[in-house]
Amino acid sequence: MLDLKLMQKNPEIVAKALHARNSKLDMGEFQALDARRRDLLAEVEALKAQRNKASAEVAALKRAGRDASELLKTMSAVSERIKELDAQAEEAKAAVESWVMSVPNIPDASVPVGRDENENVEVARWGTPREFSFPPKEHWEVGTKLGGFDFDRAGKLAGSRFVVSWGWAARFERAIANYFMDIHIAEHGLIEVQPPLMVNRRTMTGTGQLPKFEEDLFRLEAWDYFLIPTAEVPLTNLHAGEVIPEEMLPLNYAAMTPCFRSEAGSYGKDTKGLIRQHQFLKVEMVHFAHPERSFEALETMRAHAETLLQRLELPYRVVALCTGDMGFSACKTYDLEVWLPGQNKFREISSCSNCGDFQARRANIRFKPKGGGKPEFVHTLNGSGLAVGRTLVAIIENYQQEDGSIVVPKALRPYMGGIERVDAPARHL
RNA sequence: GGAGAGGUAGCGAAGCGGCCGUAACGCGCUCGACUCGAAAUCGAGUUACCGGUGAUGAGCCGGUACGUGGGUUCGAAUCCCACCCUCUCCGCCA
């Protein structure tokens, strides 16, 4: 959510940002809604002032033992009118609010201006893609042949965009997740969290998934709970409504959770394999920063994510998302894209964003300055470190051998019982 | 699922139709006095948000907020209804 004052006093700044993001929202619409809200408020507040004054008079008359029935009669009518106007004012306020809630964050000045993902800017590249002496296969082919993935049975159990992984594949995923978490905790100093995987509407609104993107979420109808699409949601909302002492900043969390996404609107995209699933494991980092240090923190977070790919020796590149491709809540985002030889392209494996005070304002997350003074909004950041399923995809495609086996990256061997290679099918029907 | 208790400022807690919401009282926090310094003590200050007017400041004027939403009333923290959350006991359960 943007600052209401900013939208009122500097509509041109917001209009410019909306344009850069390809938004269809029109600031004129906001100004009309806001003007109506203020007019109604002024009117009803004047009446309420009158009522308050009269109430005091009634009390005084009664105490003096005198008759107040004349005043009561006129005030009854005023109260009636207040009730009507209050309802209208409430409606006008809700209209402004829902408009404001659908406005995306303003991109930072350093973000490249562009229409879509084709105008993202590559800012770094690491590693050299391996030379293959055979045509590299896609991960689902290698993985299924080795008996690790079963898309047919997943279809039976649930439907499309699910997978059953078993044997080495299931263990691989667990190894990757544990490896990442151990590094975050021991080396990056993050605090491990196991949050609820279902959250309420308010929580989804705090981080910006609602009200605009409900169709992307799985919702439990009987409970009005939502399955989290990323641990960013519960972690960022951990401190919703709180005032954090400045000494406590920055706060640094990491969680390894399943994530659930409806993938509505992606029909026909990535229909094969693990790339786009309804359910996937992801390690997420969330950082609460002092406003002056959030952009430094974004670089640190990006480095935390990069180190994981480097240790697994997976080639990747870093792109700065352009204004048209950035997520709703972000003011600056880096994507890490890992090299997939089977698909012969880079695919997103991490997204690290600084959300500035956008989420903090929605979720009301503030800090108390050291020297005293009013609480201010913190800045929130989130980044994948990393998407576990896609990491497995990258390992399979990069480490596949001509005979169909997969070499286990050195760093992961201690987490895989010391084995150096996956070459035998999992034992199952 | 059953029974009970509770939700008021940063925390604890009083109030139970108008004299109590810049909200008693206590703690905390800020400033000051005392002190070589500290503790103790004493004194003063300390809610947020919205609208109007200022300069997106200060100040002033008005409004709102006692878990949330409704209702009764000229007037609700206080009375009525529904819901949410927390705690205790019982039942069930990994």
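Order of the sequence lines sets the chain letters (A, B, ...), proteins ahead of strands, with each chain counted from 1.
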Asks: Name the pairs: protein N/O against N/O of nucleotides 81-87 of chain B, kept only if under 3.5 Å.
Replies:
none

Asks: Go through the structure and list residues passing side chain to side chain contact (heavy atoms under 4.5 Å, CB included) with A:Phe280, not counting sequence neighbours.
Replies: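 Partners of A:Phe280 by the side chain to side chain contact (heavy atoms under 4.5 Å, CB included) criterion, ordered by chain and then number, come out as A:Cys259, A:Arg261, A:Lys282.
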
Asks: Just to verify, what does A:Glu122 make a side chain to side chain contact (heavy atoms under 4.5 Å, CB included) with, not counting sequence neighbours?
Replies: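 Listed in chain order: A:Arg125, A:Arg317, A:Val319.
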
Asks: Need one value for A:Gln8: base, sugar-phosphate or nothing, where a base atom within 4.0 Å counts as base even if backbone is also close, heavy atoms only.
Replies: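 It contacts sugar-phosphate atoms only.
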
Asks: Side chain of A:Thr323, backbone of A:Ala20: donor and acceptor closer than 3.5 Å?
Replies: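 Yes; at least one donor-acceptor contact below 3.5 Å.
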
Asks: Have a look at A:Asn10 and say if it touches a base, only the backbone sugar-phosphate, or nothing, with a 4.0 Å heavy-atom cut-off.
Replies: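 Base contact - A:Asn10 has a heavy atom under 4.0 Å of at least one base atom.
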
Asks: According to the salt bridge (Lys or Arg N to Asp or Glu O under 4.0 Å) rule, which pairs have a member within residues 168-183 of chain A, sequence neighbours left out?
Replies: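 Salt bridge (Lys or Arg N to Asp or Glu O under 4.0 Å) check on residues 168-183 of chain A returns no pairs.
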
Asks: For A:Glu97, enumerate each residue passing the salt bridge (Lys or Arg N to Asp or Glu O under 4.0 Å) test, keeping only those at least two apart in sequence or located in another chain.
Replies: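 Result, salt bridge (Lys or Arg N to Asp or Glu O under 4.0 Å) vs A:Glu97: none returned.
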
Asks: Could you list the donor-acceptor pairs under 3.5 angstrom formed between side-chain atoms of residues 30-37 of chain A and any protein atom two or more places apart in sequence or on another chain?
Replies:
| from | atom 1 | to | atom 2 | distance (Å) |
| --- | --- | --- | --- | --- |
| A:Asp34 | OD1 | A:Arg37 | NE | 3.0 |
| A:Asp34 | OD1 | A:Arg37 | NH2 | 3.0 |
| A:Asp34 | OD2 | A:Gln8 | NE2 | 2.9 |
| A:Asp34 | OD2 | A:Arg38 | NE | 3.3 |
| A:Asp34 | OD2 | A:Arg38 | NH2 | 3.2 |

Asks: Just jot down the side chain to side chain contact (heavy atoms under 4.5 Å, CB included) partners of A:Arg202, sequence neighbours excluded, or say none.
Replies: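 A:Asn200.
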
Asks: Applying salt bridge (Lys or Arg N to Asp or Glu O under 4.0 Å), name anything that partners A:Glu84, two or more places apart in sequence or on another chain.
Replies: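 Applying salt bridge (Lys or Arg N to Asp or Glu O under 4.0 Å) to A:Glu84 gives A:Arg81.
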
Asks: Counting heavy atoms from C-beta on, name the nucleotide in B:G63, B:G51, B:G18 closest to the side chain of A:Leu4.
Replies: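 Comparing B:G63, B:G51, B:G18 against the side chain of A:Leu4, the answer is B:G51.
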
Asks: Among residues at least two apart in sequence or on other chains, which ones pass ring-ring contact (aromatic ring centres under 6.0 Å, His included) with A:Tyr415?
Replies: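 Expected list: A:Tyr179.
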
Asks: Sequence neighbours excluded, which residues qualify as ring-ring contact (aromatic ring centres under 6.0 Å, His included) partners of A:His19?
Replies: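 Here no residue qualifies.
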
Asks: Would you classify B:C85 as syn or anti? Syn applies when the glycosidic angle is within 90° of 0.
Replies: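 Anti for B:C85; the angle lies over 90° from 0.
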
Asks: What N/O pairs connect the protein and nucleotides 52-55 of chain B at under 3.5 Å? Give each pair on its own line.
Replies:
| from | atom 1 | to | atom 2 | distance (Å) |
| --- | --- | --- | --- | --- |
| B:G52 | OP1 | A:Arg38 | NH1 | 3.2 |

Asks: For nucleotides 68-76 of chain B, print each protein N/O atom paired with a nucleotide N/O atom at under 3.5 Å, atom names and distance only.
Replies:
| from | atom 1 | to | atom 2 | distance (Å) |
| --- | --- | --- | --- | --- |
| B:U72 | OP2 | A:Lys83 | NZ | 3.2 |
| B:C74 | O3' | A:Ser79 | OG | 2.9 |
| B:G75 | OP1 | A:Ser79 | OG | 3.0 |
| B:G75 | O4' | A:Ser55 | OG | 3.4 |

